[in-house]
Every structure is written in structure tokens, then in C-alpha cells.
Amino acid sequence: ALAARVFQEPADLHRLNQIVHPPILAELREEIRRHPEFPLIVIDAALLMETGLARDCDLLLYVDVPESLRAQRASRARAWSEAELRRRERFQMDLDEKRRRADHVIDNSTSPEETERQILAILAGL
């Protein structure tokens with residue numbers, strides 16, 4: 001019900017984000033700080049750049065999937081219609097801009113094995 005409301009009204013979504021993002025980001029940053037022994041921490045966040053969290057990252061990977069496949073996956077995983085996916089994506093930074101800002105782009109339109117191969121190749125280069 002909350003999503004149905006805030007994704008209809010930009011001002012409501014902005015207000016909700018102002019309420020929930022600061023404590024979430026603070027907790028995430030604290031969790032990272034508590035674990036300096038971890039050689040790698042992966043943050044999967046649709047709003048990574050929009051929230052400023054990207055500034056805390058050493059490397060940005062953009063996982064690229066064609067719109068039609070994103071719609072299929074969102075429908076299967078979340079029961080979202082194509083219209084719902086487009087509506088939610090409108091509130092994010094332009095995907096082309098995210099792609100440009102990333103250090104690497106991963107093509108996630110094929111098999112999980114191919115996606116893993118691309119990730120391992122990036123990690124091997126670090």
C-alpha cells in the first residue's frame with residue numbers, strides 16, 4: 001500500500017526517502033566499519049548513486065539487463081507489471097547515466113554462469 005502511494009506521488013516518495021535512507025545508510029556504513037577483515041563487500045542497491053553511497057565504494061559495477069528481460073524478471077520475482085517496473089525506474093537515475101558512471105558493466109542477459117564469469121574476470125583484475 002505504501003509503495004502504491006509513494007510511486008504515484010514524487011513528493012511522497014521524496015519524503016519517505018528522507019525518512020528511511022539516513023538510518024539505513026548509517027547502519028550500512030557502521031556494519032562495513034565493524035568488519036575491516038572482509039576483503040570484499042558487495043552492496044546491491046538500486047539507489048546507490050542517488051543516495052550518495054557510491055562515494056563509499058572503491059569500485060562500481062553496473063549490472064545491465066535489457067528492459068524486456070528486466071520486466072520478465074520483475075514479473076516473476078515480484079509480480080510487477082511492466083508498467084509498475086517503468087513507474088519505479090522513473091524515480092531512479094537514468095540507467096544510461098548509471099552505466100556511464102560505473103567502472104565496469106556486467107551483461108546479465110544470459111546465463112548465471114556467464115554473469116559469474118564476468119564478475120570473476122573483474123575481480124581477478126583487482
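Every value quoted in this text rests on a predicted model; they were computed, and no experiment measured them.
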Would [X] end up clustered with [Y] when hydrophobic side chains under 4.5 Å apart are linked, directly or stepwise?
X	Y	answer
Ile122	Val105	no
Leu28	Val42	no
Leu95	Leu85	no
Ile19	Leu25	no
Phe38	Leu60	yes

Tell me whether [X] at atom [atom1] has more than 12 heavy atoms from other residues, nucleotides or ligands lying less than 6.0 Å away.
X	atom1	value
Arg5	CZ	no
Arg100	CZ	yes
His14	NE2	no
Arg34	CZ	yes

Answer yes when [X] and [Y] have at least one side-chain N-carboxylate O distance shorter than 4.0 Å, and no when they do not.
X	Y	answer
Asp96	Arg99	yes
Arg117	Glu113	no
Arg86	Glu89	no

Tabulate below the donor-acceptor pairs under 3.5 Å that side-chain atoms of residues 44-53 make, not counting sequence neighbours, or state none.
{"residue": "Glu50", "atom": "OE2", "partner": "Met93", "partner atom": "N", "Å": "2.5"}
{"residue": "Glu50", "atom": "OE2", "partner": "Lys98", "partner atom": "NZ", "Å": "3.4"}
{"residue": "Thr51", "atom": "OG1", "partner": "Leu47", "partner atom": "O", "Å": "3.0"}
{"residue": "Thr51", "atom": "OG1", "partner": "Leu48", "partner atom": "O", "Å": "3.3"}
{"residue": "Thr51", "atom": "OG1", "partner": "Leu53", "partner atom": "N", "Å": "3.4"}

Look up atom [atom1] in [X] and atom [atom2] in [Y], then write down how far apart they are to the nearest 0.5 Å.
X	Y	atom1	atom2	answer
Leu61	Asp103	CG	CG	7.5 Å
Leu123	Glu116	CG	CD	10.0 Å
Ile41	His35	CD1	NE2	8.0 Å

Checklist entry - Step by step, would you call Asp12 with Val6 a side chain to side chain contact (heavy atoms under 4.5 Å, CB included)? => result CA-CA 5 Å; Asp12 290 341; Val6 299; 4.1 Å; yes
ask   = How far apart are the C-alpha atoms of Leu126 and Asp58, what are their side-chain angles, what is the distance that settles it, and do they pass the side chain to side chain contact (heavy atoms under 4.5 Å, CB included) test?
value = CA-CA 11 Å; Leu126 297 180; Asp58 297 319; over 6 Å; no
When Gln118, Arg70, Glu114, Arg73 are each screened for side-chain contact (heavy atoms from CB on, under 4.5 Å) with Asn108, the one that passes is Arg73
Contacts of Ala121 meeting side-chain contact (heavy atoms from CB on, under 4.5 Å) (sequence neighbours excluded), chain-then-number -> none
Nearest heavy-atom contact between Glu82 and Ala71 is CG-CB, 3.4 Å
Of all heavy-atom pairs linking Pro22 and Asn17, the shortest is CD-O, 3.7 Å
Point to revise | Residues Ile32, Ile43; criterion side chain to side chain contact (heavy atoms under 4.5 Å, CB included); working and verdict | key: CA-CA 10 Å; Ile32 291 168; Ile43 302 170; 3.9 Å; yes
